[in-house]
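Throughout, protein chains are lettered first and strands after them, A, B, ... in sequence-line order, and every chain is numbered starting at 1.
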2 protein chains.
Amino acid sequence: MRKPKTRKNPEMDKPARVTMMDIAAAAGCSQAAVSFVLNDTPGTRISQQTRDRVLEAARALGYMGTSYTMKASYSGLDNVIGFAVDQLATSPEAIVAIEGARQASWNTGNVLLVTQTLGDPVMEPKAIKALTNGGISALIYMTIYTREVKLPSYVCELNIPTVLLNCYTADHAFPAVVPSEIAGGQSSTRHLITHGHHRIGTITGEIWMQAAQDRLTGYRRALATADIPFDPELVVEGDWSAGAGYSATMQLLALQEPPTAIFCQNDRTAVGCYEALKDAGLRIPQDMSVVGYDDEEISRHLVPALTTSVLPHLAMGQWAIEHLNLQTMPGKRYPITKLECSLVNRHSVAAPRAKARHIFDGAQAPR
Amino acid sequence: MRKPKTRKNPEMDKPARVTMMDIAAAAGCSQAAVSFVLNDTPGTRISQQTRDRVLEAARALGYMGTSYTMKASYSGLDNVIGFAVDQLATSPEAIVAIEGARQASWNTGNVLLVTQTLGDPVMEPKAIKALTNGGISALIYMTIYTREVKLPSYVCELNIPTVLLNCYTADHAFPAVVPSEIAGGQSSTRHLITHGHHRIGTITGEIWMQAAQDRLTGYRRALATADIPFDPELVVEGDWSAGAGYSATMQLLALQEPPTAIFCQNDRTAVGCYEALKDAGLRIPQDMSVVGYDDEEISRHLVPALTTSVLPHLAMGQWAIEHLNLQTMPGKRYPITKLECSLVNRHSVAAPRAKARHIFDGAQAPR
DNA sequence: GATAAATGCTAATATTAATTACCTAAACCG
DNA sequence: CGGTTTAGGTAATTAATATTAGCATTTATC
């Protein structure tokens with residue numbers, strides 16, 4: 001609409017707006033059919049094939065409706081960025097990521113619009129649609145648990161820059177950012193190793209979850225790097241809960257050669273671990289070092305304060321905004337970006353007691 | 001669009017879509033002028049008056065653009081409710097209120113769209129505009145601190161049902177819901193009184209804040225109800241922080257007749273209070289009973305767990321949704337609804353020690 | 001295997017919106 | 001005071017979209 005001048009030179013019309021005619025030509029049907037499909041006009045019969053071809057063409061050509069509505073939508077408004085997350089209330093990470101995204105977008109005068117999907121197959125499309133109604137210029141799609149997602153087709157059809165936060169698709173069709181859990185598990189374990197620990201237990205989360213596997217992988221890598229042999233006895237499967245942390249710790253303490261440090265793969269597990277150690281009459285960190293993961297609120301209030309790793313959700317939110325303008329080329333593939341979980345050093349780690357190490361060393365021989 | 005049949009019977013056209021012609025007629029200008037205004041077409045000259053008249057008429061008539069864009073937008077979509085809050089990340093209350101609102105709206109198939117305003121005069125209008133662009137059917141306007149707000153004119157002009165959450169306007173032009181802080185302060189204090197305490201200290205927040213004043217008022221009312229005289233010595237002004245809680249507690253302990261119980265007007269203050277009591281060698285609740293306020297995460301992790309009052313943000317969120325359909329009649333006035341802060345009983349309150357009470361009773365006489 | 005009914009679509013047409021090309025009255029101006 | 005700007009529009013035109021009517025096909029139906 002800016003400079004169409006369609007009248008003057010019929011040869012020059014190419015760069016004008018995309019119309020239903022163009023879509024019709026591309027999809028091999030009539031303008032009317034396009035109108036039916038795009039409006040979902042009730043009472044008309046269009047085959048799924050044609051419907052798909054039209055939507056496909058509309059997306060490919062970047063159809064944008066009448067210019068009025070779009071222009072008016074944007075008037076006096078910078079860009080609006082949509083942020084869809086499956087859960088908002090269950091954990092603070094979503095909030096932190098949103099805050100990071102907000103900060104980054106604020107800087108460029110963009111506004112963030114947030115909605116929850118709850119992974120509900122009925123509500124999610126509605127939520128996304130509500131988001132796109134106002135004409136968002138980009139979408140961030142976040143999940144609360146790190147995992148692979150299958151992006152619903154209506155998200156792909158949006159034809160706007162999209163970034164995945166804390167999740168990724170198998171086809172790598174969108175830029176994605178997740179925490180570097182492997183590196184996190186590795187640095188947590190290395191932290192213990194550099195404090196002189198050689199026998200380090202770990203309590204995992206539910207092992208089918210990506211995060212649990214990755215943290216365990218990091219644990220093994222750190223061990224391998226330090227040439228400490230991996231002992232399966234020292235790995236106890238938990239389920240992220242304090243209760244599991246308690247019994248897992250008891251299990252580790254019952255070992256013939258108990259560890260001198262425990263890497264709890266989340267903070268709640270560490271809470272249970274603290275309880276168990278207290279009940280066993282062991283002091284932290286003198287008798288047993290503990291590290292957690294996630295840097296939940298509670299980790300600061302435990303006594304002694306828990307050394308743990310912060311999930312980089314703030315940085316992930318910022319990253320997402322900053323990488324929005326990487327155009328989503330159809331067919332292009334993006335690597336998954338991983339952001340570091342940095343260790344925050346508090347008071348739950350110390351060198352193993354000389355005595356304990358002595359006993360341990362001595363125990364080696366008789367065996 | 002559903003049943004326009006504009007052709008058949010020219011008399012029956014009334015319920016058809018609102019077009020630019022209608023707006024032009026209402027505004028007393030041409031369709032072209034309407035187009036210019038609505039599109040903000042550059043290079044055209046329209047007086048501010050005409051511009052206003054057009055916008056006014058467009059709003060009044062509920063102009064919705066070409067049907068393509070809107071129909072497609074709305075298809076398969078129930079109502080969308082906008083939720084504007086000044087801050088999302090600083091405290092968990094906003095999240096809780098959103099969760100309440102989400103639950104309530106989910107039930108009726110509505111979708112919630114959330115945005116942050118940060119009270120920023122530049123961004124707030126943009127954020128609200130982003131919200132309304134998609135055609136929200138109602139708005140919830142929340143502040144993180146309970147306070148009076150002046151609703152910006154663009155909110156009033158939205159002409160959609162609006163509810164204020166945790167804030168209110170002086171003119172009572174919108175339904176509003178806030179926590180009943182007075183009742184909360186009263187029941188906290190009464191809780192201590194029913195446990196046998198007569199000499200109850202309180203540590204306030206920053207006293208210029210509504211919440212601090214109300215909680216103090218509740219404290220005085222509970223005292224009055226129980227015929228306990230108010231002693232200004234027992235009221236120490238804090239600032240919601242743990243640090244202030246610590247020194248305020250010390251101040252209370254230094255009193256000639258120290259209290260047997262302390263009502264900390266928020267949980268963080270109580271954290272400082274716990275510290276101070278520990279340092280003074282006093283046990284909770286045997287030597288001193290403590291109640292907090294807000295039911296923050298930390299209150300559950302303190303030892304002993306803190307008896308405190310939950311802010312009813314979940315209920316407030318639900319209330320807001322449920323009271324959205326109370327039409328906003330121009331000129332109508334709505335009372336401010338207050339929702340109860342219920343006390344959650346944990347382990348920081350006990351009866352005053354017989355000995356302490358004895359000393360106290362004895363001390364009365366000599367005075 | 002003829003007939004009816006439904007499907008899938010298009011041509012033609014109606015409606016709506018955007019744009020160009022003026023027009024008019026007041027303000028300006030030497 | 002006559003000419004020239006210019007703000008503030010309108011009418012007419014054109015582009016784009018929505019809708020109606022119907023036309024081939026295919027798919028039951030008897």
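Atom CD1 of Ile46(A) is separated from atom C1' of dT19(D) by 13 Å (rounded to the nearest Å). Protein atom CD of Gln49(A) is 13 Å distant from nucleotide atom P of dT26(D), rounded to whole Å. Rounded to a whole Å, the CG atom of Asp52(B) is 16 Å from the C1' atom of dG9(D). A straight line from CZ of Phe36(B) to C1' of dA21(C) spans 10 Å, rounded to a whole angstrom. The distance between atom CE of Met20(B) and atom P of dT15(C), rounded to the nearest whole Å, is 17 Å.
Closest to the side chain of Ala33(A), out of dT16(C), dT10(C), dG9(D), is dT10(C). Proximity note for Thr19(B) (side chain, C-beta onward) versus dA18(D), dA17(C), dT10(D): the nearest is dA17(C). The side chain of Thr50(A) sits closest to dC9(C) out of dC9(C), dT19(C), dG9(D). The listed nucleotides are dT19(D), dG8(D), dT10(D); the one nearest the side chain of Ser47(B) is dG8(D). Nearest nucleotide to the Ala32(A) side chain, out of dA11(C), dA18(C), dC9(C): dA11(C). Looking at the side chain of Met21(A), the nearest of the listed nucleotides dT17(D), dT10(C), dG9(D) is dT17(D).
Glu124(B) pairs by the side chain to side chain contact (heavy atoms under 4.5 Å, CB included) definition with Thr117(B), Ile128(B), Tyr141(B), Pro152(B), Tyr154(B), not counting sequence neighbours. Every residue two or more places apart in sequence or in another chain that forms a side chain to side chain contact (heavy atoms under 4.5 Å, CB included) with Ala27(A) is listed here: Cys29(A), Arg53(A), Val54(A), Ala57(A). Applying the side chain to side chain contact (heavy atoms under 4.5 Å, CB included) criterion to Thr337(A), with sequence neighbours excluded, gives Val177(A), Trp319(A), Leu339(A).
Heavy-atom minimum distance, Leu113(B) versus Ala130(A): CD2-O, 3.7 Å. The minimum heavy-atom distance between Lys126(A) and Val111(B), with the atom names listed, is CB-CG2, 3.6 Å.
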Show each protein N/O and nucleotides 22-27 of chain C N/O combination with a separation under 3.5 Å, one pair to a line.
none

Please list, one pair per line, the donor and acceptor atoms closer than 3.5 Å that link side chains of residues 94-101 of chain B to other protein atoms, with sequence neighbours excluded.
from     : atom 1 : to        : atom 2 : distance (Å)
Glu99(B) : OE1    : Arg102(B) : NE     : 3.4
Glu99(B) : OE2    : Arg102(B) : NH2    : 2.8
Glu99(B) : OE2    : Gln103(B) : NE2    : 3.1

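Toward the 5′ end of DNA chain C lies the nearest nucleotide of Gln48(A), the other residue of the pair Gln48(A) and Gln31(A) mapping further downstream.
The list of salt bridge (Lys or Arg N to Asp or Glu O under 4.0 Å) pairs with a residue in residues 169-178 of chain A, not counting sequence neighbours, is empty.
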